[in-house]
Amino acid sequence: MDIPSKYEPQNVENHWYDYWMKHNYFHSTPDEREPYTIVIPPPNVTGVLHMGHMLNNTIQDVLTRRARLMGKNACWVPGMDHASIATEAKVVAKLKEQGINKSDLTRDEFLKHAWAWTDEYGGVILDQLKKLGCSCDWERTAFTLDDERYASVIKIFVDLYNKGLIYRGYRMVNWDPEAQTTLSDEEVIYEEKQGLLYYLEYKIEGSDEKVTIATTRPETILGDTAICINPNDDRFRHLRGKKAIVPICNRVIPIIEDEYVDIEFGTGCLKVTPAHDINDKALGEKHKLETIDIFNADATMNSFGMHYEGKDRFVVRKEISKELEENGFLVKTEQHMNKVGTSERTKAVIEPRLSDQWFLKMEDLVKPAIKGVLDSDDINFFPKKFENTYRHWMENIRDWNVSRQLWWGQQIPAYYFGDGENDFVVAENIEDALALAKEKSNNQQLTTDDLRQDEDALDTWFSSWLWPMSVFNGITDPDNEEVNYYYPTNDLVTGPDIIFFWVARMIIAGYEFRDEKPFKNVYFTGLVRDKQRRKMSKSLGNSPDALKLIEKYGADGVRVGMLLCSAAGNDLMFDEDLCQQGKNFANKIWNGFRLVKGWEVADLPQPEASKLGIAWYQSKFNQTLLEIEDHFSKYRISDALMSIYKLVWDDYSSSLLEIIKPAYQKPIDKTTFDQVIQIFEQNLKLLHPFMPFLTEEVWQHIAERTPEEALVISKWPAVTATNSELIAGFEFADEVISGIRTIRKTKNIPMKEALEVSVLNEGKISEDWDVVICKLTNVSEISYVDAAVDSALSFRVKSNEYFIPVGGAIDVEAEIAKIQEELEYTKGFLTSVQKKLSNERFVNNAPDQVIAIERKKQADAEAKIETLEKSLVSLS
RNA sequence: GGGAUAUUAGCUCAGUUGGUUUAGAGCGCUGCCUUGACAGGGCAGAGGUCACCGGUUCGAAUCCAGUAUAUCCCA
């Protein structure tokens, strides 16, 4: 059989993915086994795979595949998010290219376009996840806007409304003038921007006096309805009760007093624009001021903007400051750092805007969710530090604005039957609404034609917060077999950036609607950054193309590369070199298999070295398996991978294979061969969750396998007893091997030339390992001596001393120097140990075990010093 | 402005209730190695006053207080 020396992932990955799909290994249905469930954080339907997804989904796949191997009924539910703002923006842009304006379309027409767009371009990301190897149950693919999820959302909205938790309010909201919709507080990003602080003079009515105010937004003066001073500020005492005149529009406005004004800031005097600032709104309500909205929905000026009508606010800012300056109202400007809210999606500067919106009362809803995470073990966060973030938000929660002025989403099921503020009903469908409306209005003549449904759609998160339930139809059919079996789910893997948007809200929803947590553990991954610590983003162009990476390094290589640098919760600095490391590892495993496969097997007795080596490896494997289980239990995925990496590379490839390797072109005994194959298969099982493609490929190369014997559904190794004596024995032997190799190096003795080694066995070390040492260092014989050997190079391991006679003169000076250096170190070490032991308080207070360790250290060091001193004597 | 988290080798990170040698790993770096699994490899080696300043303790990278710096969240 001819196996290529390099592993070529491109040739095998699609093949095995198809094989897995064909045999339906990823599909899950409820059965007797313990379920293991993950719901995917649904990527945006518009999305393409980026580094964040790759990390996130690799971790989910590792967890899912491991659970499957452990005999659990693993179910990883995939899906997508309709991402109302982002998707609607894309569809609007696409239509614009075709010369179609959204405003010319009806809602139904627009939605038709949006669905067409979704069907054509959406969901690319799901195919990309397959390339990455994700073992999702694709038959369960859900969409936050499909019929089932739509119905769930509507049902929940009505339920919450009927519980009195949803209300309609005229509130100041974050308005995105570009998308022309409301944003929740969480969707606003504050950025520091250098701006100007304008000092403006207002005339005082009926006098020549003037008052100077400072503002960052001169264009809003046309909406001013008051000037505010601090009652404790003596500088403005004379203005009390007077009125001021707004420049340009010459409106007369009152001068009010309120302690809200910061005396130190600007001039200590504030203009009040209730329609365009949240604080001014509060002042306006308190002092019963008029509210004048001067903007259109796209943040251009309306008729209150006078000759600026139709112009954008930023254009107006420039122009009006010029006009103010020309007319002597502008005193001066100053540089000023300003925090400006911008839209997460469109990057537009947010306008505070008053409008009718739907809100969800959060105060009582959060209570069980706080308890579930913080005051009990119901839900665990990994890493734990994010519990603080969670607490902070939950304890300061504000009502959730759930309405969006968009069409792409679930339409709010509120139906208006009149023009009064409360002339509406909320119902799951128009028939129910009509019945309710008849009752509420006392008008039996109403028909469905008299009802008008609210135009707004719901926030996307109002559908994704139901995800762990809705994917199992748990809302429309709350007692169905699937939701009872799979819910609550086990693990959620997501980024800490959506802890409020999504994680917290799912927890709230879980307790509210099913009286049960949505998941047991939340694993927060870090954000993927580039080497310069910058966030990866499309606009920076610093995000590598995920598919190209897979093409270049193989999915397994990329998976390993991502995981190697991703300690839980820490941001990870992605470096393409790590994928190379992953690819190299794949190749190493491949060659570890190729070597064994190339051996000719014969019916021979098993050599001692092989027997010992295999026994040792089995213990080492078991020890590592324990480590791995421990890492997994703490969600230390990258540590688990590193343990396997070292096991396979160092212990299996570098040590075990070298120990059992037959002489060149000689056959191997069958016992060893069978054992090493079995060992290799166990390795593959540990590797499979991390590197599914390569491992399945090798697994199927080892033997013909039926579909029932595929690696993907094999059995995770069980922990057995570890023989620590074997492990310690090898560690010692390894040090001896290293010593011999070092001498070979320094003296340039080629590996081909056999050496003879003598040992002064002060430490009474077992001879068992000598066969292994000889094989790995090409030593013909290890002889035991009673005294130091003359004219030989030496090295020491613990209190044992090893001698290698070499041809030619020994540099005695150099040998002495080397020993003296070692002696000095050991003496220094001994001193530090003795210091501890001679300290009475240490001996009295430290636990016995610690003292025993220290005494052992002392004895070892003393023995070593004795050995070293003897060597010195014999050399001089 | 308020809060959280961090600061350990060139880089990325471990270091679990203070005590397993005088602090570890992976990568990188340096040197040597071309026939026989793998140069995508092997072997060996260098590299750190654990941010700083105090304190608690028999003992501190680890606990406490302060300082500096960085990142994130909130306003």
Side-chain angles (χ1 to χ4, degrees), chain A residues 3-7 185-186 190 278 339 341 383-393 396 496-497 499-500 526-527 529 531 533 535 553 557 561 564-575 577-578 580-599 630-631 634 636 638-639 641-643 645-646 649 653-654 657-658 661-666 737-746 748 750-751 777 798 825-826 828-833 835-847 849-854 856-858 860-861 864:
Chain A
I3 309 168
S5 74
K6 286 180 181 170
Y7 172 62
D185 293 332
E186 286 72 29
Y190 289 89
I278 182 83
K339 288 259 174 143
K384 207 173 162 52
K385 66 178 177 182
F386 288 113
E387 288 182 5
N388 286 326
T389 317
Y390 180 81
R391 174 192 312 257
H392 190 256
W393 189 68
N396 295 285
D497 49 335
I499 192 166
F500 308 137
L527 294 173
R529 297 173 178 278
K531 272 169 113 176
R533 283 197 175 270
K535 224 168 155 169
Y553 301 103
L564 280 175
C565 59
S566 59
N570 283 353
D571 286 358
L572 66 101
M573 269 31 82
F574 180 75
D575 182 350
D577 292 351
L578 287 162
Q580 185 61 48
Q581 194 185 338
K583 189 177 180 183
N584 292 352
F585 184 41
N587 197 52
K588 186 74 186 175
I589 298 162
W590 179 251
N591 278 290
F593 155 70
R594 204 161 72 95
L595 174 66
V596 175
K597 199 70 188 170
W599 287 331
D630 184 55
H631 288 317
K634 293 169 183 156
R636 303 181 64 127
S638 63
D639 287 342
L641 173 58
M642 186 45 76
S643 295
Y645 182 88
K646 285 196 267 194
W649 200 304
S653 294
S654 300
L657 289 184
E658 292 302 327
K661 194 188 254 181
Y664 182 53
Q665 290 191 334
K666 293 276 161 54
I737 290 164
S738 209
I740 296 169
R741 281 173 176 166
T742 306
I743 285 179
R744 269 192 192 280
K745 295 231 105 146
T746 51
N748 266 324
M751 189 59 187
T777 56
K798 297 253 163 62
Y825 175 90
T826 315
F829 172 66
L830 179 62
T831 312
S832 82
V833 175
K835 226 196 222 160
K836 267 192 207 169
L837 284 170
S838 61
N839 184 332
E840 256 180 59
R841 294 212 272 179
F842 171 70
V843 179
N844 293 337
N845 294 326
Q849 201 191 344
V850 173
I851 294 171
I853 288 164
E854 292 300 316
K856 174 86 166 50
K857 283 190 210 168
Q858 186 184 26
D860 285 354
K864 178 130 197 186

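All figures in this text were calculated on a predicted structure; none of them were measured in a lab. Throughout, a chain's letter reflects where its sequence line sits, starting with A, and its residues are numbered from 1.
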Query raised in the report: Contact class for A:Glu658 vs. all strands (heavy atom < 4.0 Å): base, sugar-phosphate, or nothing?
Result: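 Touches a base.
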Query raised in the report: How would you label the contact of A:Asn388 with the nucleic acid (heavy atoms, under 4.0 Å): base, sugar-phosphate, or nothing?
Result: sugar-phosphate
Report task. Identify the heavy atoms of A:Arg744 and A:Pro750 that sit nearest to each other, and give their distance. Result -> NH1-O, 2.6 Å
Query raised in the report: Do any side-chain nitrogens or oxygens of A:Arg594 fall under 4.0 Å of OP1 or OP2 in B:G36?
Result: no
Requested in this report: Tell me which of A:Asp639 and A:Tyr664 sits closer to the 5' end of RNA chain B, going by the nucleotide each one is nearest to.
Outcome: A:Asp639
[atom1] spacing across the pair [N] / [M], given as an integer number of angstrom:
N	M	atom1	value
B:U5	B:U20	P	27 Å
B:G10	B:G2	P	35 Å
B:C73	B:G55	P	38 Å
B:G18	B:C64	P	10 Å
B:A60	B:G54	P	14 Å
B:C72	B:A14	C1'	22 Å
B:A70	B:U8	C1'	16 Å
B:G47	B:G26	C1'	15 Å

Requested in this report: State whether the side chain of A:Arg741 and the backbone N or O of A:Thr777 hold a donor-acceptor pair below 3.5 Å, judged by distance alone.
Outcome: no
**Report entry** Whether A:Asn591 side chain and A:Lys6 backbone form a donor-acceptor pair below 3.5 Å
**Finding:**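 A pair under 3.5 Å: no.
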Provide, to the nearest angstrom, the distance between the [atom1] atom belonging to [X] and the [atom2] atom belonging to [N].
X	N	atom1	atom2	value
A:Trp599	B:G36	CH2	P	16 Å
A:Asn584	B:A37	CG	P	19 Å
A:Asn587	B:G41	CG	C1'	9 Å
A:Asp497	B:A4	CG	P	21 Å
A:Lys661	B:A37	NZ	P	4 Å
A:Lys385	B:A4	NZ	C1'	9 Å
A:Phe585	B:A37	CZ	C1'	15 Å
A:His392	B:C72	NE2	P	17 Å

Counting C-beta onward and ignoring hydrogens, is there a side-chain heavy-atom pair between [X] and [Y] closer than 4.5 Å?
X	Y	result
A:Trp393	A:Ile499	no
A:Lys583	A:Tyr7	no
A:Trp590	A:Pro4	yes
A:Ile589	A:Phe593	no

Query raised in the report: Do A:Gln581 and A:Asp577 have side-chain N/O donor and acceptor atoms under 3.5 Å apart?
Result: no
**Report entry** Nearest to side-chain heavy atoms of A:Lys588, which nucleotide of B:G40, B:C38, B:C73
**Finding:**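 So the side chain of A:Lys588 is nearest to B:C38.
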Query raised in the report: Relative to the ring of A:Trp649, is the ring of A:Tyr645 parallel (under 30°), tilted (30 to 60°) or perpendicular (over 60°)?
Result: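 Correct class here is tilted.
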**Report entry** Separation of A:Leu564 CG from A:Leu641 CG (nearest 0.5 Å)
**Finding:**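 The distance works out to 5.0 Å.
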Report task. Find the distance between CG (A:Leu578) and OH (A:Tyr553) and round it off to the nearest 0.5 Å. Result -> 10.0 Å
Query raised in the report: What string of B, S and - do you get for nucleotides 18-30 of chain B 5' to 3' if you count protein non-hydrogen atoms under 4.0 Å?
Result: -B-BB--SSS---
Report task. Take nucleotides 44-49 of chain B nucleotide by nucleotide from the 5' end and write B, S or -, depending on whether a protein heavy atom sits under 4.0 Å from the base, only from the sugar-phosphate, or from neither. Result -> S-----
Query - Under-4.0 Å salt bridge between A:Lys634 and A:Asp630 - result: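 A salt bridge is present here (some side-chain N lies under 4.0 Å from a carboxylate O).
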**Report entry** Worked verdict on A:Lys864 versus A:Asp860 for salt bridge (charged side-chain N to carboxylate O under 4.0 Å, His left out)
**Finding:** CA-CA 6 Å; A:Lys864 178 130 197 186; A:Asp860 285 354; over 6 Å; no
Report summary line: Secondary structure of RNA chain B per the Watson-Crick/G-U criterion (both distances under 3.5 Å; [ ] crossing, | other strand, . unpaired) is (((((((..((((.....[....)))).(((((.......))))).....((.((..]....)).))))))))).
